[in-house]
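Working notes, beginning with the structure itself.
Since the model is a prediction, treat every value here as computed from it, not as a measurement. Residues: numbered from 1 along the sequence shown. When reading the values below, keep in mind they use all heavy atoms of this one structure, side chains included, and skip hydrogens, waters and symmetry mates.
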Amino acid sequence: QSDIKNKNLYIISDFQKTSSDFNQVKNDTAVKVNLVPLLATQKSNVYVDSCWFESPIRQINQVEKLHVKIVNNSENVIENNAIKLYINNQQKTPSSFSVDKNSETEIILSFVSKESGIQHCKVQLNDYPVTFDDSFYFTFDVTKYITVLSVNSKDAEVNQAYLSKLFFTDSLFVYKSVTETQIDYSSLSLNHLIVLNDIKTVSSGLTQELVKFVERGGSVLVFPDKNADISSYNTFLSAFMMNTIEVLDTAKTKVEKINLEHPIYKDVFDKKTFTATNLDLPIVHRHYRLMNKSQSNAENILTLQNGSPFLTKQNYKKGSVYFCSISLDESFGNFSKHALFVPTLFKIALNSQTANSLYYTIGKDELIEFKNNGVTESVLKIVSVNNAIEVIPETKVAEYKIHMNVHNQVSQADNFNVKSGKDIIAGLSFNFNRLESDLRCLTESELMATIETASYLNYTVIENTEKSLKNIIAEYDYGTKLWKFCIILALLFIAIEILLLRYIKG
């Protein structure tokens, strides 16, 4: 903004390849830009790049498999280097890894969650001297229980018993059953899974509330009534962009195909020994046949012999809708009494949990969302687990969700708690951007080629020399100062002239 005519800008950097994006530069031709590349003293680095779970669901007393990606940006082969996993400051089974030079590898760390609630974790390796990326923080929540609500018709007592026997026998589930006239719409959001069981008509009001429920991350499972009002069901299905009901098909058939790659059945069967012929699959006496619409991206979980879907899933916004083409009534088939019934509904309920992000990246303006379990206070705090860091983020407390934005207030990688007063309502983790871990830099020739390609005529690359940075900049600002040499030469010539006059006679 100054009035100086000859403006000079010096950019002093190591010019890391991952962060030196000259395509994003808004060039000002009135300013002469001098790029001063600094030679990096350390170009080798081994770091934890990222981590994720094999399954999206965390369960107490179940084996969890954590995938960890490790990158080796060096010319050295790393063999049997130690890596440690800490959960709530307790070290789990240590492991090791090997990775080739300038390569990456993926390892699996297995452990068992012994308690429910927020679990603050850290994966750590040792790599001197670049250490800022040797620890990778993440947080997950082990759900204490899963809430299931069954909405039934008045005449569905027998069919409702199949659901109650399944969910009442497991302490993981909190099960509640109501008739369609007893629905408390204000408390629908407190559930993970809502089952529509043999309802003849899906009202427009119920459809609207279920759309909101699914948008926020809830799951809905539908077993249509034996005398279903197809029009109302199609209105409901269309709200989620699902295939609608075409007709009630009374032809006898059976389930023929199981989607073993779907999360519902991924770990239920042994894929090596499983074949459709050696399994007694459910028999279907009649079913609701669905139209195949192009806008639907539904997944077929179970398929009938005639190619029609038996159990299908549609992802919608943050939630899911499952539709079974039969009623639980025995006149439709034996699914409710079949051995496949229990693992199917059990896994649907398990997968109804919504998982928050394991971690966030420092410097990225990311929106943080988590479920509101009764928080009304708008001033929330993010506090590190060791209480060393405390920030007040921008917070919006809605009826069902809490939205937060930290706006770069967190500058240290660590595990954090979100507090409402003295109560801990959620856990978060922040890590440094792993782009900084790639220490490869642009060379002087690469810098020159880059600015030449971008046609930045006002850019100059100052070549690295043994001179100090101060002297280099002085030379570029004022040129090479020759006055000292002139004085020395003048004195030298005077001395020569005196010697000539004294010893050489005219």
Do Phe341 and Phe335 have their ring centres less than 6.0 Å from each other?
-> yes
ring-ring contact (aromatic ring centres under 6.0 Å, His included) with Phe416: which residues, sequence neighbours excluded?
-> Phe430
Do you see a donor-acceptor pair shorter than 3.5 Å between the side chains of Ser19 and Gln16?
-> no
Indicate yes or no: does Glu330 engage Lys337 in a salt bridge with an N to O separation below 4.0 Å.
-> yes
How many angstroms lie between CD1 in Ile368 and CD in Glu394, if you round to the nearest 0.5 Å?
-> 11.0 Å
Side chains of Phe370 and Met404: closer than 4.5 Å at any heavy-atom pair?
-> yes
Is there side-chain contact between Ile425 and Leu380, with heavy atoms separated by less than 4.5 Å?
-> yes
Tell me the ring-ring contact (aromatic ring centres under 6.0 Å, His included) pairs involving residues 189-221, sequence neighbours left out?
-> none
Decide, yes or no, whether a salt bridge links Glu106 with Lys69 under the criterion of side-chain N to carboxylate O below 4.0 Å.
-> no
Contacts of type side chain to side chain donor-acceptor pair (under 3.5 Å), residue Gln409, not counting sequence neighbours = none
For Ser113, what residues pass the side chain to side chain donor-acceptor pair (under 3.5 Å) criterion, not counting sequence neighbours?
-> none
Measure the spacing between CZ of Arg58 and OG of Ser116 and express it to the nearest 0.5 Å.
-> 14.5 Å
For the pair Phe132 and Tyr47, evaluate ring-ring contact (aromatic ring centres under 6.0 Å, His included) and give the outcome as yes or no after the intermediate values.
-> CA-CA 9 Å; Phe132 78 91; Tyr47 60 94; 8.3 Å; no
Answer yes if the side chains of Asn197 and Ser153 hold a donor-acceptor pair under 3.5 Å, and no otherwise.
-> no
Taking every non-hydrogen atom, the tightest pair across Gln59 and Leu172 = NE2-CD2, 3.9 Å
Can you tell me how far the NZ atom of Lys212 sits from the NZ atom of Lys317, to the nearest 0.5 Å?
-> 12.5 Å
Sequence neighbours excluded, the answer for ring-ring contact (aromatic ring centres under 6.0 Å, His included) partners of Phe240 is Phe236, Tyr316
Are the side chain of Asn259 and the backbone of Glu261 linked by a donor-acceptor contact shorter than 3.5 Å?
-> yes
If we only count heavy atoms from C-beta on, is the Asn417 to Val385 side-chain gap below 4.5 Å?
-> yes
Taking all atoms of both residues into account, what is the closest heavy-atom pair of Asp198 and Pro224, and its distance?
-> OD1-O, 3.2 Å
Taken to the nearest 0.5 Å, the spacing of Leu109 CG from Cys121 SG works out to 11.0 Å
Who passes ring-ring contact (aromatic ring centres under 6.0 Å, His included) against Phe167, sequence neighbours left out?
-> Phe173, Tyr175
Non-neighbouring partners of Ser320 that pass side chain to side chain donor-acceptor pair (under 3.5 Å), sequence neighbours left out | Asn315
For His67, check ring-ring contact (aromatic ring centres under 6.0 Å, His included) against everything at least two apart and list the hits.
-> Trp52
Non-neighbouring partners of Asp438 that pass salt bridge (charged side-chain N to carboxylate O under 4.0 Å, His left out), sequence neighbours left out | Arg440
Is there a side-chain contact between Thr395 and Val397, using heavy atoms and a 4.5 Å cut-off?
-> yes
With sequence neighbours excluded, give me every side-chain hydrogen bond (donor to acceptor under 3.5 Å, both in side chains) pair touching residues 95-105.
-> Glu75-Asn102
Non-hydrogen side-chain atoms of Ile199 and Val151 separated by less than 4.5 Å | yes
Could you pull out all residues at least two apart from Lys347 that satisfy side chain to side chain donor-acceptor pair (under 3.5 Å)?
-> Asp267
For Thr303, which residues count as a side chain to side chain contact (heavy atoms under 4.5 Å, CB included) partner, sequence neighbours excluded?
-> Lys257, Asn300
